[in-house]
There are 2 protein chains.
Amino acid sequence: MSKAANTRLTILQKAFELIYSKGYQTTSIDEIIATTQVTKGAFYYHFKTKDEMGVAIIEEILKPTMLGNFIKPIENSENPIEDFYNMISYLLLEDPLLDVKYGCPVGNLTQEMTPWNNQFSKALSELVDQWMLTIEKAILRAQTLGLIRKDVNGQQVAFFVMSGYWGIRNFGKLKDSNSCYIVYLKEFRNYLNSLK
Amino acid sequence: MSKAANTRLTILQKAFELIYSKGYQTTSIDEIIATTQVTKGAFYYHFKTKDEMGVAIIEEILKPTMLGNFIKPIENSENPIEDFYNMISYLLLEDPLLDVKYGCPVGNLTQEMTPWNNQFSKALSELVDQWMLTIEKAILRAQTLGLIRKDVNGQQVAFFVMSGYWGIRNFGKLKDSNSCYIVYLKEFRNYLNSLK
DNA sequence: GTTATTTCATACTAACTAGTATTTTTTATG
DNA sequence: CATAAAAAATACTAGTTAGTATGAAATAAC
């Protein structure tokens, strides 16, 4: 990787960490360049505005991570019920990039930036749509395999699963405790079983 | 109501609207006093700091509204399944104070202010706890009435219902469309039926 | 190696931020 | 009505914000 590409990536990664823990609006460019040891000139060479950097974080950090860790693994799932549960459980309890007290990066950005920045909304929307579509397809596959009832509506389930995840992450943030995740997961399991 | 109490309430109400639609951090005191036609002197006579005003909004606007509209009506419910559905449906589709593109005021504040302001977290936590406890009690009552299976765990259901609501509100915000609420509500109905 | 282009460094600005100091007006109380 | 206290008005400050102007160093092309 060229030196320039490296500074760009450093900015995106460090800025992501700051924004994930502090929020977008309250993370200043001065703070970003201080923690990255990159000068303001360099920053504004790579990004015309703060918002352009924000969108780049979604496109170049969040989307690839999401795709690799949570979309691809579900795409060819032969046992969606188990894999959905494991995916959510991993996200809540094990993912080393996430912290209970900071919530979900995608959920946070959605809450903070919509409806005020269209570029953010669009990028986040694409990410979420892709995830939901993957869940929907997995349901369909499970139905042909006889693992899920035929009358279950895949789209509805995708909305329900994804909403619950976003919501409980916000709740975990409020309580700063994993224990609510444990309670949530138990009922999530019950819900998934009700689809059988 | 005294004139002073009236200006205080005006500040809280208008500030709430601004914060609900724009977010807490990005709503400036200058903006609040501009829209309320109240001077800075008056503002700082009633509130020592911006954060003190923020907490007052939770205590004096959000808590009473929540208590009157969504906690009391559930407290003596004789048909919790139906009442849960109606409560969520009303919140999503009918409540005139809420707007799909701005999400849930409580969820928004939680996301934005925790873990950075303990007073906010505490006040929001109390509000949420009270709501969840009411749901839990309603489940218990429904179980004695034979409307919900005995093996259903009330706390788990409360977490699940409330998470789903917060999550779908964030989703509605992203899409700025009621249609995802419709889809969500269908699956919410299915979930509630699975408790019978 | 010279030149052109990319990449980065420094110093600055104008607008905005929460909050303060001080004075004036309004209201309550005797 | 006089006076004290409550409530509100005005002008200000110090710090922070995103973004700019301009020049210097590094890299690539020839």
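Each chain gets a letter, A, B and so on, in the order its sequence line appears, and its residues count up from 1. No experiment lies behind these values; they were computed from the predicted model shown.
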Point to revise | Residue closer to the 5' end of DNA chain C, Ala5(A) versus Thr26(B) (nearest nucleotide) | key: Ala5(A)
Review point. Would one find a side-chain N or O of His46(B) under 4.0 angstrom from OP1 or OP2 of dA6(D)?
Key: no
Check your understanding: Looking at Thr26(B), Leu109(B), Asn108(B), which one forms a side chain to side chain contact (heavy atoms under 4.5 Å, CB included) with Ile19(B)?
Key -> Leu109(B)
Review point. What is the distance, rounded to the nearest whole Å, between atom CD1 of Ile33(A) and atom C1' of dG19(D)?
Key: 11 Å
Practice item. State which of dA9(C), dA8(D), dT7(C) makes the closest approach to the side chain of Tyr45(A). Key: dT7(C)
Practice item. Evaluate the ring planes of Phe43(A) and Phe47(A), with Trp represented by its six-membered ring, and classify them as parallel (under 30°), tilted (30 to 60°) or perpendicular (over 60°). Key: tilted
**Study point:** Separation of dT20(D) C1' from Phe43(A) CZ (nearest whole Å)
**Key:** 14 Å
Exercise for review: Could you tell me whether Lys175(B) atom NZ has more than 12 heavy atoms of other residues or ligands within 6.0 Å of it?
Suggested key: yes
Check your understanding: Once you round it to whole Å, what is the distance between P of dA6(D) and CZ of Arg8(B)?
Key -> 15 Å
Point to revise | Separation of atom CG in Asn6(A) from atom C1' in dT27(D), rounded to whole Å | key: 15 Å
Exercise for review: Can you label the angle between the Phe171(B) ring and the Phe159(A) ring as parallel, tilted or perpendicular, going by 30° and 60°?
Suggested key: perpendicular
Review point. Using 4.0 Å as the upper bound for N to carboxylate O, is an ion pair formed by Glu136(A) and Arg141(A)?
Key: no
Practice item. Go along nucleotides 18-28 of chain C 5' to 3' and tag each nucleotide: B for a protein heavy atom under 4.0 Å from its base, S when only backbone or sugar atoms are that close, - otherwise. Key: BBB------S-
Would you mind writing out the side-chain donor-acceptor pairs for residues 145-152 of chain B within the sub-3.5 Å range, not counting sequence neighbours?
| unit_1 | atom_1 | unit_2 | atom_2 | d |
| --- | --- | --- | --- | --- |
| Arg149(B) | NE | Asp151(B) | OD1 | 2.9 |
| Arg149(B) | NH1 | Ser194(B) | O | 2.5 |
| Arg149(B) | NH2 | Asp151(B) | OD2 | 3.4 |
| Lys150(B) | NZ | Gln143(B) | O | 2.9 |

Point to revise | Output field: ring centroids Phe160(B)/Tyr191(B) closer than 6.0 Å | key: yes
Point to revise | Nucleic acid contacts of residues 54-61 of chain B, taken as heavy-atom distances under 4.0 Å to DNA chain D | key: none
Check your understanding: Ring centroid separation for Tyr24(A) and Phe120(A), is it under 6.0 angstrom?
Key -> yes
